[in-house]
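Lettering of chains follows the sequences in order, A, B, ..., and the numbering in each one begins at 1. Here the structure is a predicted model, which means the values were calculated and not measured.
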2 protein chains.
Amino acid sequence: AARAGLALSASLALLLALVKWRRRQRPVREVLFFPSQLSCTEELLDEAAGAGGQARPCCCPLPRLDCSLTRLLRRLLSARCSLELCLFAISSPQLGSAIRILHNRGVRVRLVTDARNMALRGSQIALLRQAGIQVRHDQESGYMHHKFAIVDRRMLITGSLNWTTQAIQTNRENVLVLEDAEYVKPFLDEFERIWEEYNPKNYTSFPQKQ
Amino acid sequence: AARAGLALSASLALLLALVKWRRRQRPVREVLFFPSQLSCTEELLDEAAGAGGQARPCCCPLPRLDCSLTRLLRRLLSARCSLELCLFAISSPQLGSAIRILHNRGVRVRLVTDARNMALRGSQIALLRQAGIQVRHDQESGYMHHKFAIVDRRMLITGSLNWTTQAIQTNRENVLVLEDAEYVKPFLDEFERIWEEYNPKNYTSFPQKQ
């Protein structure tokens, strides 16, 4: 009977350890809704840029809040190795800064965008290119309408949100943050497919959209 | 020793049953990319409408394929009780038909849309309203830019895809299908929040967008 008890306890201990391990392995699952509250993001971005103690105090009148925009920025800024971006439009100065900071930190950034949007006033594309970031665009009559990011080949950030100030501040939008490989892997494959297809070697002319 | 063996086997059987149960409980996780291949959807929709054996044979030249559009339609048509829709734009006749079929089958359909899009040529909104489906729209200067559906309060369908023929056939788009409560619950809450906010009692005038 003592041995039976011992075997049972051992099995239960194993089961508990398994449950605990599963919980630690639990992937990030987050949902962000927009419009976002307005928040000052200077400190967050300065810190990420490595300004550390010397971060200049911000004199803007905005409060410092934990809101959908700051959460999105933090997820993005968690990148250590790579960042793949597939963005229909990007005009948000905060999101543009975050991407440049990651590039300056040595993160390998690759960006795919829609040709029609990248020349619009307020687009961050020119600034990102000036910073040395690789940007490729479509040459199609349809839109490159994705709006997703992949952080360190591990975390997918995707949703309805275009990375524009208007969308962030005034639209009803959603963003999902996921670490499940079942979602991340197909998006990584889709990115690589598009990245190759939009290789400048394949550009035939400056795209003319209808 | 025999008892110890018995206890060990019982524990292992329990563990196996648990693993099996977890696998059966495994939520749907699917990613669809667009543009979709072109496929005839007549048979699929006729079958869902209950035409059964009397489904008229379709004479269109399109092949019958398993593609992103038919997969999206199948997920949608799996609804038995309720369907919540938050759609920036809907002009796809196939998706419009699927929604009407579900309504006719007794599924409780509620639809929220963006005021600016619903009056555009090709919008399905008038047809859906004529069929008796409840539709509410925003009154805001920003866009109601969500594009998600919730099936039976259990399955979330969301992504970059507007439910338009152009997006389905020509754009680069993504749609995620998820059953994890961590994602479904916040979207259900968001839907109910918007549904209440867009209650016609709160309409002040026909919306004027900039």
Side-chain angles (χ1 to χ4, degrees), chain A residues 1-12 14-15 18-19 22 26-35 86 88 112 114 138 140-148 156 158-162 166-167 169-174 176 178 180-187 189-190 193-194 197, chain B residues 1-12 14-15 18-19 22 27-35 86 88 112 114 138 140-148 156 158-162 166-167 169-174 176-178 180-187 189-190 193-194 197:
Chain A
R3 269 199 213 156
L6 203 67
L8 195 64
S9 328
S11 311
L12 285 178
L14 185 75
L15 192 65
L18 202 77
V19 168
R22 289 274 314 194
R26 227 174 142 167
V28 168
R29 289 184 187 157
E30 194 177 12
V31 180
L32 305 174
F33 289 111
F34 294 80
C86 234
F88 176 55
V112 163
D114 184 84
D138 71 313
E140 295 150 352
S141 62
Y143 290 110
M144 202 310 294
H145 201 240
H146 288 304
K147 342 68 186 40
F148 70 80
L156 171 66
T158 188
S160 67
L161 182 83
N162 290 314
Q166 197 232 299
Q169 292 184 359
T170 67
N171 288 1
R172 306 271 177 159
E173 306 272 6
N174 64 75
L176 282 82
L178 318 96
D180 302 87
E182 285 135 301
Y183 296 117
V184 180
K185 178 69 170 55
F187 276 83
D189 293 345
E190 172 78 350
R193 213 165 21 238
I194 295 181
E197 235 178 282
Chain B
R3 268 199 215 159
L6 203 68
L8 195 62
S9 324
S11 313
L12 284 177
L14 185 76
L15 193 65
L18 201 79
V19 167
R22 288 272 317 190
V28 168
R29 288 181 187 158
E30 193 177 12
V31 180
L32 306 174
F33 290 111
F34 294 81
C86 235
F88 176 54
V112 163
D114 185 84
D138 71 312
E140 295 151 350
S141 63
Y143 289 108
M144 201 311 293
H145 201 242
H146 289 304
K147 335 97 179 21
F148 70 80
L156 171 66
T158 189
S160 67
L161 182 85
N162 291 314
Q166 197 233 296
Q169 293 185 0
T170 66
N171 289 0
R172 305 272 177 160
E173 307 272 4
N174 64 76
L176 283 82
V177 185
L178 319 96
D180 302 271
E182 288 136 299
Y183 296 117
V184 180
K185 178 72 170 56
F187 276 82
D189 294 346
E190 172 79 350
R193 220 173 8 246
I194 295 181
E197 236 178 280

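- Side-chain contact check for A:S11 versus B:L8: some heavy-atom pair is nearer than 4.5 Å.
- For a residue to count as touching a neighbouring chain, one of its non-hydrogen atoms must lie under 4.5 Å from one of that chain's; by this rule B:V112 does not touch chain A.
- Neither the backbone nor the side chain of A:F88 comes within contact range of chain B; no heavy atoms are under 4.5 Å apart.
- Remark: B:D189 engages B:K185 in a side chain to side chain donor-acceptor pair (under 3.5 Å) (not counting sequence neighbours).
- B:K147 and A:E173 are not joined by a salt bridge, as no carboxylate oxygen comes within less than 4.0 angstrom of a charged side-chain nitrogen.
- Separating the CZ atom in B:F34 from the OG1 atom in B:T170 is a distance of 12.0 Å, to the nearest 0.5 Å.
- Using the six-membered ring where Trp is involved, A:Y143 and A:H145 have ring planes that are tilted, between 30° and 60° apart.
- Of the residues considered (A:L176, A:L15, A:I194), A:L176 shows the highest number of contacts with chain B, using heavy-atom pairs under 4.5 Å.
- Only the side chain of A:Q166 comes within less than 4.5 Å of a heavy atom in chain B; its backbone stays farther off.
- For the options A:H146, A:E190, A:E30, A:R3, heavy-atom pairs under 4.5 Å to chain B are most numerous at A:H146.
- Of the two parts of A:F33, only the side chain, counted from C-beta on, holds a non-hydrogen atom closer than 4.5 Å to a non-hydrogen atom of chain B.
- Residue A:L178 holds its CG atom at 10.0 Å from CD of B:E182, rounded to the nearest 0.5 Å.
- Residue A:L6 does not touch chain B at all, counting heavy-atom pairs closer than 4.5 Å.
- In this structure, no portion of A:Q169 lies under 4.5 Å from any heavy atom of chain B.
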